[in-house]
Asks: 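Before anything else, here's the structure in question.
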Amino acid sequence: MRTRTGGPAAMLSGLRPPFGLGSDFAGVTDDGIAVVGLVPCDADAGATGTYAERLLADPAWLGPRSRPASVPPRRRRSP
């Protein structure tokens, strides 16, 4: 119902295209550390989104990325 009443449009009213979407991200830092993160919805940077190949993130938004014990390591394919 919220979509039909214009709820999402009200949330995006301050943004002007082009803008990126998304608030969560995962990747590897320049130091080679695997991380995950979430941009707080009240952060100014959140208006630009995280759907990108590279982003500049506040270290407070980062957490370590770990593989659950139940997930086996990925095998590398031979060329």
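Residue numbers run from 1 in the order of the sequence given.
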Asks: Check the hydrophobic clustering (I, L, V, M, F, W, Y; side-chain heavy atoms under 4.5 Å; chains of links allowed) and say if L38 and L62 are grouped together.
Replies: no
Asks: To the nearest 0.5 Å, what is the distance between CG (L55) and CH2 (W61)?
Replies: 8.5 Å
Asks: Give the minimum heavy-atom separation between R65 and V28, together with the two atoms involved.
Replies: NH2-CG2, 4.4 Å
Asks: Residues two or more places apart in sequence or in another chain: which of them pass side-chain contact (heavy atoms from CB on, under 4.5 Å) with D31?
Replies: T29, I33
Asks: Kindly indicate whether the side chain of V36, heavy atoms from C-beta on, has any atom under 4.5 Å from the side chain of F25.
Replies: no
